[in-house]
Each structure stands twice: as structure tokens, then as C-alpha cells.
There are 2 protein chains.
Amino acid sequence: MKTEKISELTTNRLSIYLRCLNELSAEGAKTISSGRLAKRFHLNSAQIRKDLACFGEFGVRGVGYYIADLKEQITKILGLDHKHRVAIIGAGRLGMALTDYYGFTQTNFEVAALFDADEEKIGSKVGKVKVFDLKNFERVIRKEDIDVAVIAVPAQFAQSVLETVAKSGIKAVMNFAPTPLRFADDIKVKTIDLTISLESLSYFLAKPQND
Amino acid sequence: MKTEKISELTTNRLSIYLRCLNELSAEGAKTISSGRLAKRFHLNSAQIRKDLACFGEFGVRGVGYYIADLKEQITKILGLDHKHRVAIIGAGRLGMALTDYYGFTQTNFEVAALFDADEEKIGSKVGKVKVFDLKNFERVIRKEDIDVAVIAVPAQFAQSVLETVAKSGIKAVMNFAPTPLRFADDIKVKTIDLTISLESLSYFLAKPQND
DNA sequence: ACCTGTGAAATCGTTCACAGCA
DNA sequence: TGCTGTGAACGATTTCACAGGT
């Protein structure tokens with residue numbers, strides 16, 4: 001077991017391993033070795049072992065890993081053993097699409113509130129989720145016990161929204177605005193920048209030789 | 001000028017530089033040095049120079065880079081000097097949200113068609129974009145001259161949709177389904193996996209000491 | 001025999017530091 | 001003097017290879 005700092009690449013892979021284990025589990029398998037896991041899902045077996053070894057000795061030499069046990073361990077490491085409550089800021093199309101994004105509920109996340117500054121939208125509902133006035137952000141997130149925020153507003157408002165979010169005490173933010181954000185280092189901001197992804201596809205199409 | 005293989009990290013940063021240059025340009029600046037660019041946007045100046053040097057010698061010693069010229073060069077490198085036409089597969093909330101996502105139009109991408117397998121949706125419109133039957137994918141993308149596909153269908157259909165897309169000759173795909181996909185290496189698939197991002201936030205909240 | 005956990009090696013990416021040009 | 005372009009140093013990440021446990 002390593003006690004060094006754990007890289008984000010490692011934790012991202014943990015999510016992937018968890019998915020693989022769910023699939024194997026559904027098939028009724030009881031144990032899996034890093035070698036077979038790697039082969040089946042096109043991963044590297046040494047990397048799987050190293051990643052897992054960061055958090056403990058979960059394997060059994062000569063056997064592999066007990067699937068049910070390992071699932072439970074990874075679920076706990078990723079903090080997926082309890083529900084997270086999510087606020088989405090920006091009740092535009094993207095915010096609304098995310099509100100009933102299946103992937104949220106699938107991994108123990110629940111969208112508890114939408115926020116917008118537009119009078120027209122405040123008070124309306126998306127499915128069962130109410131749209132609140134952004135001005136009341138802090139009050140609502142306390143009442144609703146929210147611990148994760150999603151920023152789905154136009155880029156020019158993102159920094160100011162992030163400051164509202166940070167002031168409320170929320171420590172985990174997912175940002176869809178294609179803009180760099182400044183924030184204190186006790187909070188975690190994960191930016192999903194679709195513009196960069198698109199431009200990267202464009203580069204692939206444009207580059208001289210498709211090697 | 002390097003002729004080695006260019007990493008995706010480098011091309012992603014090119015997108016960022018382009019954004020920065022647009023901002024500077026809007027302020028009326030004519031030239032910028034890597035040092036001042038780095039300071040202003042919290043980047044590393046050596047990295048900026050290295051990234052740019054992969055594609056040519058765009059700078060002038062003692063002066064820096066001419067902003068208008070550099071913008072043009074990067075735009076060309078990223079293939080953003082001509083429009084890309086996009087098909088979105090899956091006319092659910094996510095597909096619809098992406099259809100009028102501002103970021104697309106902003107960087108020379110245009111959503112030209114939506115596809116779905118649901119009879120109810122086929123023939124309807126989202127804004128000006130028509131929903132076609134997925135069965136007619138190849139015919140429509142040829143007629144509409146589409147070169148980029150976005151997969152916004154549930155995970156269990158993603159692999160089969162990708163195969164339809166690949167067969168049609170499209171080489172650039174953005175995938176929102178949280179599942180690993182198998183594909184030939186002459187096509188580029190960029191997966192935006194919101195589940196992994198969420199779980200990474202969850203890990204941050206769960207881990208023992210928030211260091 | 002099979003498999004884990006882990007040092008060591010290899011690869012990849014970033015930052016430093018400076019030669020050389022305007 | 002100010003700045004680029006780049007080799008060299010450094011740091012991070014991945015992969016190899018094997019000692020040691022079952």
C-alpha cells in the first residue's frame with residue numbers, strides 16, 4: 001500500500017474498474033485476476049494492480065480479486081456508498097438535460113435543485129426538480145443538503161457563479177463553461193470543455209496525414 | 001519545428017491559446033510574448049513556445065508573436081478555417097441540448113441533422129434541425145455533407161451506433177455514452193464520460209484529508 | 001501453477017536555462 | 001535588452017519483470 005499522493009488518473013481508472021466489475025458481477029463471476037480483467041477490457045494488468053495497491057491489499061495471490069469485495073472497496077474509496085445531492089446552476093437546455101441525465105442517478109447522485117437568474121424560469125419545474133432564484137443559493141443548498149454544484153451557464157457568468165458556489169461552502173463543482181476559472185485550492189472544480197473536445201476532433205480531420 | 005508525433009495535450013492547449021488570443025485581439029493588442037501570455041492566463045511560457053514550435057516558427061525574437069497572424073495559423077492548424085457539419089445521434093434531452101449548444105456555432109461547427117430510432121421523434125424538429133430515422137444515416141449524412149458525429153444515446157446502444165457511424169465513412173466522433181468503445185484506428189473517438197467526472201468529484205469529497 | 005504487489009526501467013510530459021537573433 | 005526556439009533536466013506515468021505468497 002502506497003501512502004503517496006494519488007493521481008487523478010488513478011481515481012478515474014477506479015471508476016472504470018468499478019464498471020467492469022459490475023459487468024462481471026452481473027454475469028455471475030466470483031473472482032477475477034488482473035490479467036483476465038486487463039485482457040477482457042483492454043487495460044494493462046500491472047496498472048490495475050498498482051492502482052488498487054494504492055488503497056490496500058485487496059487481492060489474493062494465486063487467485064485474484066474477489067469481485068463482490070473489490071466492488072465494495074472501490075465504492076467506498078470513491079465515496080459512492082452514500083448519496084450526493086446536486087445543484088445545477090443554469091436552467092437552459094444543458095442544465096435541463098443534465099437534470100434528468102441517467103448517469104447521475106446511476107451512481108448515487110441526485111439532482112435536488114436547479115438555479116437560474118431568469119424570472120421567467122424561477123418557480124417552474126423540470127420533472128420533479130424546482131428552479132430556484134440564484135440569489136437564494138446558499139439558503140436553498142443548506143436546506144436541501146446539497147454537496148455538489150454543476151455550472152451550466154454561459155461562459156461570461158461562470159466565474160461569478162463559481163464565487164457564489166464557493167461562498168456557500170460547496171467543495172465539489174463540475175463546470176461546463178468553456179473558460180478558465182480561478183478558485184481556492186480547498187475546492188475541486190472539474191471542467192468539461194466541449195469546445196476543446198470539438199476542436200481536437202477538428203484537428204484530427206485537418207492534420208496532413210491521418211496516421 | 002518538430003516533426004514528431006504531436007500529443008493531444010498539445011492540441012488541446014492550442015484551443016486554449018486561440019481563446020486567449022481572441023481575448024487579446026478584442027482588446028486591440030497587436031503582439032504578445034510567451035511570457036506575458038503565460039502570466040496573464042496562468043500558463044507556462046516555455047510550454048507555449050514548445051507547443052507552437054511543433055508547427056512552425058511563428059514568433060519574432062525580441063518581439064513575440066503577432067496576434068492576428070498567430071490566430072490565423074492556429075485556426076488553420078486546428079482546421080477551424082472551414083465549417084464542420086455535425087450529426088447528433090439520439091434526440092433525447094442531451095442530444096437536443098447539444099443541438100443548440102452555443103459552443104458549436106461559436107467554433108465553426110453546425111448541427112445539420114439529428115437521428116433517432118424512435119418513430120415518435122422522427123420527422124420532428126429541434127429549432128431548425130430535423131430528426132431523421134437512424135436507418136437512413138448514411139444517405140442523410142452524404143446528402144448533408146456531414147463530417148462529425150455525436151453519440152448521445154444510452155450506453156447499451158453506443159457500440160452499435162458507432163458501427164453505423166464508422167460504416168458511413170465519418171472519421172470524427174464525440175461520444176457521451178459512459179462505456180468503452182471498440183473502433184478502427186483510422187477514426188477518432190473522443191469520449192466525454194460524465195460518470196467518471198462525477199465519481200472523481202465524489203472521491204475528492206470522500207478522501208480522508210482534503211489536502 | 002497462478003497471481004499479487006512492487007522495485008526498476010522505459011516512456012511521456014513539463015519546466016529550466018541559455019544560445020542566438022532582432 | 002527582450003524574446004524565441006530548443007537541448008537538457010526534471011517529474012509524472014506506464015510498463016516490465018520478478019520475488020514471494022497461496
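Reminder, nothing fancy here: chain letters follow the sequence lines and each chain counts from 1. Only a predicted model underlies this, so the values are computations on that prediction, with no experimental measurement involved.
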ask   = Are any of B/Y65's side-chain N or O atoms less than 4.0 Å away from OP1 or OP2 of D/dG2?
value = no
message = As a test of understanding, state which of B/I74, B/L78, B/I77, B/N12 forms a side chain to side chain contact (heavy atoms under 4.5 Å, CB included) with A/E199.
response = B/L78
Protein-nucleotide distance ([X], atom [atom1]; [N], atom [atom2]), rounded to Å:
{"X": "B/E57", "N": "C/dG20", "atom1": "CD", "atom2": "C1'", "answer": "12 Å"}
{"X": "A/I48", "N": "C/dG5", "atom1": "CD1", "atom2": "P", "answer": "12 Å"}
{"X": "A/I67", "N": "C/dC3", "atom1": "CD1", "atom2": "C1'", "answer": "15 Å"}
{"X": "A/K5", "N": "D/dA12", "atom1": "NZ", "atom2": "P", "answer": "8 Å"}
{"X": "A/I6", "N": "D/dA12", "atom1": "CD1", "atom2": "P", "answer": "15 Å"}
{"X": "A/D69", "N": "C/dT4", "atom1": "CG", "atom2": "C1'", "answer": "15 Å"}
{"X": "A/L52", "N": "C/dC3", "atom1": "CG", "atom2": "P", "answer": "16 Å"}
{"X": "A/L37", "N": "C/dC2", "atom1": "CG", "atom2": "C1'", "answer": "16 Å"}

Quick one: does any side-chain atom of [X] pair with a main-chain N or O of [Y] as donor and acceptor, under 3.5 Å?
{"X": "A/N108", "Y": "A/L80", "result": "yes"}
{"X": "B/R85", "Y": "B/V148", "result": "no"}
{"X": "B/T191", "Y": "B/D193", "result": "no"}
{"X": "B/E110", "Y": "B/T105", "result": "no"}
{"X": "B/H84", "Y": "B/G79", "result": "yes"}

query = Would B/Y65 and B/F58 count as a ring pair (Phe, Tyr, Trp, His ring centres under 6.0 Å) if you check the C-alpha gap in whole Å, the side-chain angles of each, and the deciding distance to 0.1 Å?
reply = CA-CA 7 Å; B/Y65 301 88; B/F58 303 133; 7.7 Å; no
request  = Determine, for nucleotides 15-22 of chain D in 5'-to-3' order, which nucleotides have protein heavy atoms under 4.0 Å from the base (write B), from only the sugar-phosphate (write S), or from neither (write -).
outcome  = BBB--BBS
inquiry  = Going by salt bridge (Lys or Arg N to Asp or Glu O under 4.0 Å), name the residues that satisfy it together with B/D100, two or more places apart in sequence or in a different chain.
reply    = A/R93
ask   = Across the strands shown, which category fits B/S45 at heavy-atom distances under 4.0 angstrom: base, sugar-phosphate, nothing?
value = nothing
query = Looking at residues 7-15 of chain B, who's got a heavy atom less than 4.0 Å off DNA chain C?
reply = B/S7, B/L9, B/R13
query = Are B/K83 and B/D147 ion-paired here, with the side-chain N under 4.0 Å from a carboxylate O?
reply = no
